[in-house]
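The structure appears below as structure tokens.
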Amino acid sequence: MKHLKFIFSLYSKNWLSAILLIFVTSVSLFTLTNAIGKYQFYHYSLDLFSSTKLNDHDVYFMPFVSEDQRKDPESNYLSMEQATSNAVQQIKNTAGVEAVIQSPFLISGEYKGNSLLMAIYDRELNEKFSLPLETGTWFRNTAKTKNAEAIAGGYSFQNVQVGSAIHVEYKKGNGITKEIDLKIVGKLKDPSAFPNFSLSGTTIFADDIWKWQDVLILNQKNLPDDVGKDAQVSGSNFFISIRSQANYDAAVRSIEQFGTVKPYRKILSDSSINAENKIRQNLPIPLFFLFISSMTQLSVSVLFVNKKIPEFGIYYLYGCTKFRYFCSLMICITALALVSVLINFVMVVECPALLHYGILNLGHVVFDCRQIFSFVLPYEIISLLCSILFCFSIFRKKTPIELYRRLES
Amino acid sequence: MITLEHIYKIYYSHGVEFQALKDVSLTISDGDFIAIQGKSGAGKSTLLHILGGIDDYDTGTYRFNDTNVADFTNHQLAKLRNSEIGFVLQDFSLINHKSVLFNAMLPLYFNKTPAKDMKPMALNALRLARIEDQAKKPANQLSGGQRQRVAIARAIINNPSVILADEPTGSLDTETSAQIMDLLMSLNKQGITLVVVTHDNTVAGYAHRIITLRDGEILS
């Protein structure tokens, strides 16, 4: 205890520089963590996309309904939904097309005061877009039951256990509040996402086909009949599953008359390139911050040692060895670095809550404590070792007798 | 008991050799009070540094309580300085921004004294040095005489057998000097060996024995 007290006493006259070091290092480490978090997000969305049951002869489809397609045989003008529905029907009838996988239908609801979305999975989504689970199992029961099965994802459900029943409220189209009891059979891995095919464009990346939000995924087959009636379609695009590679070219040629096709394999390769590009774009800022942080670490350490060297002359007289004093000073400096790492660790652990409540807005990131051990800690150890070596080179030149004489004079 | 036999010390500065001590032999008995005098550069401080184990010597033998100090490791030397020797310096050598109490208990941080005993021991040492009432003040708010009392309290906290004082009254007025010397004398009467380096003949007058150094050699 007294040794700690002595070490703590060495911070005197160095508080400002200590606080500055903690601040600069914490900000720099968090910038690094954030950049890695963004990179991990792109990889996670790519992994999520790869984990689907889609295969090389499936395509993402962005329909384009022409003026002609919006008219029925009697030349009556159709609504866009109706025209799209007709196009979907025609695509389904195209030779070689096995299935059309549409975005899940959504219902807005509320659970314990938190608004959430319920995404209804139909047979095609269940077959192709079963998602990786943290715990529990994907839907098994296909019979209609009182407590429909649900898979929960997101911070709102962090305390909900698999196997427990939850009560969710939602509003019907006529404004009447309805309630539904659900049984949680599985929990999605964080960050939670569900398929949402709403983005159109010349380049589609893996992260574009997911909606990143707290969600309850429901199985259509397992739901009471009236629930599905209040659901709304969440995206106008869809995936088309083509029966086999042999049918691929002909089927794609046929369906291209209804819109634009983006092959599954192309989305995968574009997403990989995109993830690498994003890290290249995002990395310079954290690297700059880390450079500033390393320089601050070095400067503060040297300042610390230089300010405390004269006092060593006094401590030496009363039994403090050179080795012990240097170690005490280095423990002081190491403690400052550890505080920064600890702040970073707390930020990473608390980030889901901070993001959920809107206290932080970092865009899409995947934080993970492994980042601390893989990047933050090694950086901090190297930076600290450099500072310690530099301080040692200064300290070793000072002999106690020289310091004592300086003290006397 | 301290014994020095044929101690030689040479300094090298920018390639120039300087003989600080030449064939110094000296015996200091327990409870002795010795004043070391001499002109600047005579080797007084060097002798005191060697006695305190903060500087080494080139040849000769230094025995502290019949143990050859040359055989001591750094750790043993540190232990010797901590438990057997107390230092009192002209400029007081206090950690000025720290409290009087912290300064007094400083040597206890470097030995095995339990943390709970540190404060009572420091207060006791401050009481013996008659500065207990200033314990909570920062050292830089004290007068010169008060600071030297704190330095003496720090020197005696571990009950050393020897106090080495380098110009202990050098920065003090005559009245305060007398008070500090009275304090040191009272410690000597309790059995602590005193070795004082001084230019001041009044201070030297308190000593049982005066050693005069000239060009590194003992004259008398």
Side-chain angles (χ1 to χ4, degrees), chain A residues 1-20 300 303-335 392 395-409, chain B residues 9 11 45-46 48-50 52-56 73-99 102-119 138-139 151 154-155 157-158 160 164 166-167 170 197:
Chain A
M1 189 63 191
K2 68 174 181 178
H3 300 297
L4 283 179
K5 258 185 167 178
F6 175 69
I7 288 166
F8 193 74
S9 78
L10 296 176
Y11 284 114
S12 63
K13 289 170 108 181
N14 275 312
W15 282 115
L16 259 180
S17 48
I19 290 167
L20 175 79
V300 168
L303 187 75
F304 208 98
V305 168
N306 273 330
K307 266 191 174 177
K308 289 290 161 185
I309 276 180
E311 285 179 13
F312 175 53
I314 299 169
Y315 295 128
Y316 183 76
L317 289 181
Y318 290 96
C320 183
T321 58
K322 198 173 176 180
F323 176 74
R324 181 183 182 152
Y325 193 65
F326 183 71
C327 287
S328 301
L329 285 176
M330 291 309 107
I331 288 170
C332 286
I333 291 162
T334 307
F392 179 72
F395 195 75
R396 79 186 172 93
K397 289 176 192 160
K398 312 282 182 193
T399 60
I401 188 69
E402 180 194 337
L403 293 170
Y404 174 76
R405 287 213 184 95
R406 202 173 288 171
L407 204 70
E408 274 187 315
S409 61
Chain B
K9 173 73 182 173
Y11 286 118
S45 292
T46 303
L48 200 77
H49 298 163
I50 289 172
I54 56 175
D55 203 355
D56 51 6
T73 60
N74 277 342
H75 181 72
Q76 285 170 319
L77 268 176
K79 205 174 166 190
L80 176 82
R81 287 195 300 273
N82 181 271
S83 58
E84 296 290 342
I85 300 171
F87 292 88
V88 178
L89 308 176
Q90 181 180 355
D91 70 343
F92 326 121
S93 290
L94 301 178
I95 312 281
N96 285 323
H97 57 279
K98 290 283 184 185
S99 71
F102 176 88
N103 275 284
M105 66 168 71
L106 198 146
L108 304 180
Y109 282 109
F110 309 118
N111 61 23
K112 289 179 178 167
T113 306
K116 64 178 172 50
D117 296 341
M118 286 172 66
K119 194 176 171 184
R154 182 180 60 187
I157 196 164
N158 277 331
L164 302 176
D166 197 351
E167 303 282 7
V197 165

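In what follows, chains carry the letters A, B, and so on, assigned in the order in which the sequence lines appear, proteins first and then strands, with residues in each chain numbered from 1. Since we're looking at a predicted model, the values are computed, not measured. Values reported hereafter were calculated over all heavy atoms of this structure, with side chains retained and with hydrogens, waters and symmetry mates removed.
- The local environment of OH in B:Y11 is crowded, with over 12 non-hydrogen atoms from other residues, nucleotides or ligands closer than 6.0 Å.
- Contact annotation for residues 8-15 of chain A against chain B (heavy-atom separation below 4.5 Å, listed by residue number): A:S9, A:S12, A:K13.
- At least one side-chain heavy atom of A:S328 sits less than 4.5 Å from a side-chain heavy atom of A:I7.
- Proximity to chain A (any heavy atom under 4.5 Å) is shown, for B:I54, by both the backbone and the side chain.
- When the shell of 6.0 Å around NE2 of B:H75 is examined, it contains 12 or fewer heavy atoms from other residues, nucleotides or ligands.
- Annotation: residues 107-115 of chain B contacts chain A through B:P107, B:L108, B:Y109, B:F110, B:N111, B:K112, B:T113, B:A115 [non-hydrogen atoms, separation under 4.5 Å].
- Side-chain contact between B:R154 and B:S93: present, with at least one pair of heavy atoms (C-beta onward) separated by less than 4.5 Å.
- Annotation: salt bridge (Lys or Arg N to Asp or Glu O under 4.0 Å) contacts of B:D56 (sequence neighbours excluded): B:K9.
- By the neighbour-count criterion of 12 heavy atoms within 6.0 Å, atom NZ of A:K2 is densely surrounded, having more than that number from other residues, nucleotides or ligands.
- In this structure, B:R81 forms a cation-pi arrangement with A:Y316, its terminal cationic atom sitting closer than 6.0 Å to the ring centre and no more than 45° off the ring axis.
- Looking only at side-chain heavy atoms (C-beta outward), A:V305 and A:M330 come within less than 4.5 Å of each other.
- Both the backbone and the side chain of A:Y315 have a heavy atom closer than 4.5 Å to some heavy atom of chain B.
- Under the 4.5 Å side-chain criterion, counting only non-hydrogen atoms from C-beta, A:M1 is not in contact with B:K116.
- Neither the backbone nor the side chain of B:M105 comes within contact range of chain A; no heavy atoms are under 4.5 Å apart.
- By the 30° and 60° cut-offs, the orientation of the rings of A:Y325 relative to A:F312 is parallel.
- The salt bridge (Lys or Arg N to Asp or Glu O under 4.0 Å) search around A:K322 returns none, not counting sequence neighbours.
- Within the 4.5 angstrom heavy-atom criterion, only backbone atoms of B:L94 (N, CA, C, O) approach chain A.
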